[in-house]
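Take a look at the structure set out below.
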Protein chains: 2
Amino acid sequence: MLKHLLLNKESIHCSTCMLGHLCVPGGLTPSETHRLTELIKERIRIPKGTLFFKVGDPLTAIYSIRSGSMKTQLENESGHVQITGFFLAGELLGLDGFSEGAHLSNAIALEDTEVCVLKLSDLDALTHEIPALQHQFWKILSKEISRSHNLVLSLGAMRSEQRVASFLLNLSTRFTNLGYSPNEFILRMSREEIGNYLGLTLETVSRLLSRFAKEGLIRIHQRQVQLLSKSGLNDLIKHEQNSKKK
Amino acid sequence: MLKHLLLNKESIHCSTCMLGHLCVPGGLTPSETHRLTELIKERIRIPKGTLFFKVGDPLTAIYSIRSGSMKTQLENESGHVQITGFFLAGELLGLDGFSEGAHLSNAIALEDTEVCVLKLSDLDALTHEIPALQHQFWKILSKEISRSHNLVLSLGAMRSEQRVASFLLNLSTRFTNLGYSPNEFILRMSREEIGNYLGLTLETVSRLLSRFAKEGLIRIHQRQVQLLSKSGLNDLIKHEQNSKKK
DNA sequence: CGGGTCTTTGATTCGTGTCAATGCTAGTGG
DNA sequence: CCACTAGCATTGACACGAATCAAAGACCCG
């Protein structure tokens with residue numbers, strides 16, 4: 001069973017959370033943030049590897065990652081799994097599925113992770129009182145659409161080396177926003193998970209990472225990555241002759 | 001310039017629109033639908049091939065397709081275009097981009113098309129008064145996320161023949177919902193557009209359609225499609241050995 | 001009826017997937 | 001503390017699916 005943590009007044013809340021600017025409260029006034037804070041009565045600890053929710057589970061809340069990271073994946077009729085996203089601290093989980101009232105993907109922790117619980121019923125009530133919160137949610141949902149569209153672009157229009165390069169650059173941006181080093185980070189996912197996400201095999205990912213390292217673009221040791229030339233990686237993506245077609 | 005049609009009382013509104021159950025009003029009460037109807041003061045006629053909005057255009061409204069069909073596409077740094085969706089009557093356009101306040105994709109009409117204009121400012125006001133409308137929008141946005149995730153699944157986890165088969169089945173479902181024949185329809189997009197959408201070349205799409213026809217699964221003459229064996233198409237998707245990996 | 005666009009089909013190439021063997025690392029228990 | 005093991009990662013050889021290049025055919029619109 002997952003560890004549910006009930007919060008009390010002393011616990012750290014949205015108002016003081018370091019992730020405030022990235023998470024739901026972004027764009028709210030301090031007093032609005034305070035109202036939101038009061039909604040979050042619970043956090044959940046999810047050990048590495050745990051299936052947190054799965055396709056078909058009733059959707060009663062959405063979850064903001066406080067620390068750690070997760071992946072979401074879905075499965076097609078032939079049983080093949082496709083990872084649809086990796087989520088870092090400050091990012092929201094469980095946004096598909098509103099339409100059905102049930103989760104449409106599986107969520108699994110890549111490492112020990114802690115999420116804040118936003119009950120839909122509570123949230124609903126509060127959005128009526130705080131217009132800005134409603135805007136914020138539209139934005140969050142819309143951002144998820146855009147995120148997914150970009151993955152589609154990557155899968156449909158880019159070759160393997162471009163996909164891996166933009167994957168690394170994307171992670172770099174997100175780690176930077178979190179206040180971590182832009183050029184050095186640890187991959188929380190395996191080569192197989194990266195490959196699955198990018199529509200490649202784990203061998204292709206491994207080969208490309210090795211190649212990038214040989215070319216001096218990155219340094220890589222297991223899951224420890226160092227970006228040596230972001231502009232070089234960007235050139236890979238930009239350059240016409242690398243594009244899939246035409 | 002695009003033809004803007006101002007609506008008056010006599011014009012056909014949401015309340016009487018045949019698409020009501022698919023479009024925004026779905027799930028609203030008649031009186032709520034009526035309120036929504038009053039928001040829609042304008043429709044726009046978009047001739048075939050017209051770029052309706054493009055990346056960077058300020059997002060002031062969202063658009064519901066009343067008749068016709070459109071595509072949305074985005075472009076990567078190297079100039080390659082990726083179609084992210086085909087939209088039929090009753091479907092909503094322009095849902096990404098809330099986060100930025102500007103459109104994040106281009107929208108182009110596949111045929112002469114007419115859209116209903118939902119001004120964001122008006123919509124915003126009304127969602128405060130009608131809680132169900134807010135839910136409805138969450139659902140619509142979330143459905144778009146799910147739609148995109150399914151495209152990711154198709155691009156990342158399926159082989160070419162499965163992509164084309166599920167593309168056809170998906171269209172069939174949507175046409176059925178619109179009240180058209182489930183087994184016979186006209187493709188509004190070219191082979192190249194299908195290929196682009198599915199991450200394939202136009203030649204591959206053409207070959208697969210020919211193959212499906214030779215196998216008796218479909219009949220196809222130019223853009224006129226007839227599905228002869230949906231179960232056969234489904235088997236292609238389901239069957240393990242056709243799956244991309246493992 | 002002609003010209004342009006879209007589609008089909010074939011021959012060939014090339015990028016990735018597949019299969020297989022080896023190496024590395026972290027975690028476990030003796 | 002070290003041997004053992006179980007995953008994960010790397011690298012190579014090869015095969016195959018889909019892209020590319022090319023040419024001909026079908027259709028639509030003026």
Side-chain angles (χ1 to χ4, degrees), chain A residues 47-49 71 78 80 82 110-112 154-165 167 186-215 218-225 236 239-246, chain B residues 47-49 71 78 80 82 110-112 154-165 167 186-215 218-225 236 239-246:
Chain A
K48 177 176 177 170
K71 64 173 173 179
S78 65
H80 184 94
Q82 173 69 40
L110 295 174
E111 58 190 314
D112 290 354
S154 173
L155 291 171
M158 290 179 165
R159 340 189 4 149
S160 55
E161 59 184 40
Q162 298 180 296
R163 296 186 207 178
V164 175
F167 176 74
I186 291 172
L187 300 171
R188 294 301 176 178
M189 64 295 284
S190 68
R191 301 288 189 268
E192 179 165 21
E193 286 167 324
I194 297 172
N196 181 297
Y197 177 69
L198 296 176
L200 304 168
T201 56
L202 67 99
E203 292 95 331
T204 300
V205 173
S206 177
R207 271 186 253 270
L208 286 168
L209 291 175
S210 300
R211 207 194 83 194
F212 290 171
K214 205 178 328 176
E215 292 170 353
I218 65 172
R219 198 168 298 165
I220 187 155
H221 180 67
Q222 300 289 116
R223 300 193 177 183
Q224 178 88 34
V225 187
L236 278 180
H239 243 311
E240 180 67 31
Q241 78 264 25
N242 295 319
S243 209
K244 219 175 175 182
K245 284 163 270 182
K246 170 135 326 147
Chain B
K48 176 174 177 171
K71 65 173 173 179
S78 64
H80 183 94
Q82 172 69 39
L110 295 174
E111 57 189 315
D112 290 353
S154 174
L155 291 170
M158 290 179 166
R159 343 188 1 151
S160 55
E161 59 184 40
Q162 298 181 295
R163 295 186 209 178
V164 174
F167 176 73
I186 291 172
L187 299 172
R188 296 299 178 179
M189 64 295 283
S190 68
R191 302 288 188 267
E192 179 165 21
E193 287 168 324
I194 298 172
N196 180 298
Y197 177 68
L198 297 176
L200 304 169
T201 56
L202 66 99
E203 293 95 330
T204 301
V205 173
S206 175
R207 272 186 251 272
L208 286 168
L209 291 175
S210 301
R211 207 193 85 194
F212 290 171
K214 204 178 328 178
E215 293 171 352
I218 65 172
R219 198 169 298 165
I220 186 153
H221 179 67
Q222 300 291 116
R223 300 193 178 183
Q224 178 87 33
V225 187
L236 279 179
H239 243 311
E240 179 68 30
Q241 78 265 25
N242 296 320
S243 208
K244 217 175 175 183
K245 284 164 270 184
K246 168 131 328 140

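First the proteins, then the strands, lettered A, B, ... as listed; each starts at 1. Because the structure is predicted, anything quoted here is derived from the model rather than measured.
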Give, for atom OG of B:S190 and atom CG of B:L110, the distance between the pair rounded to the nearest 0.5 Å. 8.5 Å
Holding to ring-ring contact (aromatic ring centres under 6.0 Å, His included), I want the full list of residues that pass it with A:Y197, two or more places apart in sequence or in another chain. A:F86, A:F167
If the helix axis at each end comes from five base pairs, how far does the helix from C:dC1-D:dG30 to C:dG30-D:dC1 deviate from straight, to 10°? 40°
Please list, chain by chain and in numerical order, all residues satisfying side chain to side chain donor-acceptor pair (under 3.5 Å) with A:R188, sequence neighbours excluded. A:E111
Would the distance check show the side chain of B:Q82 and the main-chain N or O of B:N196 forming a donor-acceptor pair, the cut-off being under 3.5 Å? yes
Between CD on residue A:E215 and CD on residue A:E161, distance to nearest 0.5 Å: 8.0 Å
Provide, to the nearest angstrom, the distance between the CG atom belonging to A:L187 and the C1' atom belonging to C:dT25. 16 Å
Would you compute the distance between atom CD1 of B:I194 and atom OG of B:S206 and round it to the nearest 0.5 angstrom? 9.5 Å
With sequence neighbours excluded, tell me which residues meet side-chain contact (heavy atoms from CB on, under 4.5 Å) with B:Q222. none
With A:Q224, which residues qualify under side-chain contact (heavy atoms from CB on, under 4.5 Å), at least two apart? A:E184, A:I186
Whole angstrom is fine here: how far is it from CD in A:Q224 over to P in C:dT25? 13 Å
For nucleotides 6-18 of chain D, read 5' to 3', which letter fits each nucleotide if B means a protein heavy atom sits under 4.0 Å from the base, S means only the sugar-phosphate is that close, and - means neither? --SSBBBB---SS
